[in-house]
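Since the structure comes first, as structure tokens, the remarks are kept for the end.
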Amino acid sequence: MKETITALLGDALNTLKQQGEVPDDIDPTIKVEATRDKAHGDYATNLAMMLAKPAGKNPRDLANALVAALPESAAIRQTEIAGPGFINFFAATDAMAQIVARILDAGDSFGRNLTGAGEKVQVEFVSANPTGPLHVGHGRGAAIGDSICRLLEATGHDVTREFYYNDAGAQITNLARSVQARAKGLDPEDDDWPEDGYRGDYIIDVAKSYLAGETVHADDRHVTGKTDPDDIDAIRDFAVAYLRREQDLDLKAFGVEFDVYFLESSLYEDGNVEATAKRLIDGGHTYEADGALWLRTTDFGDDKDRVMRKSDGEYTYFLPDVAYHLDKWQRGFKQVINEQGADHHSTVTRVRAGLQALETGIPDGWPDYVLHQMVLVTRSGVEVKLSKRAGSYVTLRDLIDEVGRDATRYFLAARRADSQLTFDIDLARSQSNDNPVYYIQYAHARVCSVLRKAENEGQRFDHDLAMDHLSQLTTDQEKALMNRLSRYPEVVAHAARSHEPQHVAQYLQELASDFHTCYNAVKVMVEDPSLRNARLALGLATRQVIRNGLDLLGVSAPEEM
RNA sequence: GCGCCCAUAGCUCAACCGGAUAGAGCAACGGCCUUCUAAGCCGUAGGUUGCAGGUUCAAGUCCUGCUGGGCGUGCCA
């Protein structure tokens, strides 16, 4: 619909250019928007106002000229010029009802498009180090990151989900020492407990499993415990595998799967870290000071230079970060999106600066970032800070166990990433109308219920009959619902383009609201078979769109509640 | 101190490269179940979009300066 109107306006604009009403050399992007207010028709454009200045004409006169030059179209019932120069379009009722046929025809693929043209996109998210169970912040990253992936897939991209982690650094050594301490029966209160050791109860489980010689299988590794409490290397390998498996189970429970697990250590093994360092040094972008090697990132927009090799000869995390992103680029990802917590935002400028310093033709501003702000968890209005298992934070698993996967995913993805999120456990748990997840799922279940009823009464949905009588969908509530349905593809396109899944959540809530309103106002199971089937078709179309939208958020669409 | 992010109804939030009268839900108040799931619907009330300027035909949206909050500002990741 939007495309149709855009095309019509394009023709009209060309006509005006030929008539000399509008200068040839201006070429505005024609913007057609769905209206907020029904009184303004179904779609509107501000084209006349955009043209007013360059054409040196009054916007309302231009609007008149544009309307006069508009080709005939069966899709448009009426146009009108309003306000300072908007052109409003009223869709023909028959054309509007055809959305129902289009949705049923397209099914699961309704709302999807091919604008991505198969372009390879890599999304890196979660990327938690294997030092403990995933926490709520990782959960937010997982919900947003995976939803972005689903949106990109829905818009025709070839998506790779990647998880990057460090299995060899100082934190991992710390983990190994903590497990070893537990294996030797130490307690965080004991004097010999490692400094800054991990204190959570889960460390006890790792130690027990190691001593028992168990074998753990994670998505990217399999390790058997050696049972020797003095073999720190064996403990390290085992602990990493154990916690990787733990995280995999968390992710699986959350409905998130990765294509690639990328190890920071592999960058050292493959010589990529050294090669990156050499390239930066050879390029003349480094200098020695205070016994360390610095990269002059200030030449590339950073506010201070950064240490890349410490005075003890080890590299900082910064250098492998650059090497890792160079590797992404060399793997052919022209588009890379990094979803991470905003507490790491300082790496954005740094990594980009490092990549520029490599002078390999990587565009300025690559890669893209989506940063999410902190999550605060509350219960009974009080902040929840601790989980028994992890010791110092609320785990993702706690939330999934307590409020369920659907509600957890919905709540973590339904808010803009860059605003702080309060996760209200009581609200997410409540099976009532204050919980948007249930509100949306209930709409889906209600359609299913009507369909069951039709079936039970021997009045199965008759597709052909329905398609012939869609024009009988004429009540205000039905029209509003169809209008909402027709906007779904734009919502998907916009959410995918902007990497903002919350638009889908918002839309689904509005769609559910329109449906419930319609459901209460318009009885489906009426005597007249043609009207009944047309309404069943509208219900089916609504169900389809809710299902498609929930899928983009990784939330299920139950048939009954 | 400096950098990034945020500030919208009592509360939690939305608002599509700037567009018409800023929208939902909760909480409050008043209605609707002998009728397809009341986990629902209808109605009422609630706003100087933190403050002050600026750009524009048009600003919650862009720019500048304030105020308040979060995060960062390690040779940690």
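Computed from heavy atoms alone, side chains included, the values below leave out hydrogens, waters and symmetry copies. Small disclaimer: the values here were computed from a predicted structure and weren't measured. Below, read A as the first sequence line, B as the second, and so on, with proteins coming before strands; counting in each chain starts at 1.
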Among [options], the nucleotide that comes nearest once only the side chain of [X] is considered:
X	options	answer
A:H516	B:rC75, B:rC36, B:rC41	B:rC41
A:Q171	B:rC76, B:rG19, B:rA39	B:rC76
A:M374	B:rC76, B:rC75, B:rC71	B:rC71

Between P of B:rA77 and CG of A:N338, the distance in whole Å: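 To the nearest whole Å, that distance equals 17 Å.
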Whole-Å gap separating P (B:rC6) and CD (A:E500):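 A:E500 atom CD is separated from B:rC6 atom P by 11 Å.
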Ring-base stacking, A:F86 with B:rG19 (5.5 Å, 30° cut-offs):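 So A:F86 does not count as stacking on the base.
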Residues A:R532 and A:E457 bridged, charged N to O under 4.0 Å: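 Looking at A:R532 and A:E457, the cut-off is not met.
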Could you tell me whether the phosphate oxygens of [N], OP1 or OP2, come under 4.0 Å of any side-chain nitrogen or oxygen in [X]?
X	N	result
A:R446	B:rA38	yes
A:Y439	B:rC41	yes
A:R416	B:rA7	yes
A:K304	B:rG74	yes

What nucleic acid atoms does [X] come within less than 4.0 Å of, heavy atoms only: base, sugar-phosphate, or nothing?
X	result
A:A505	nothing
A:E560	base
A:D290	base

Near-ring test A:H345/A:Y369, centroid separation under 6.0 angstrom: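 Between A:Y369 and A:H345, the centre distance exceeds or equals 6.0 Å.
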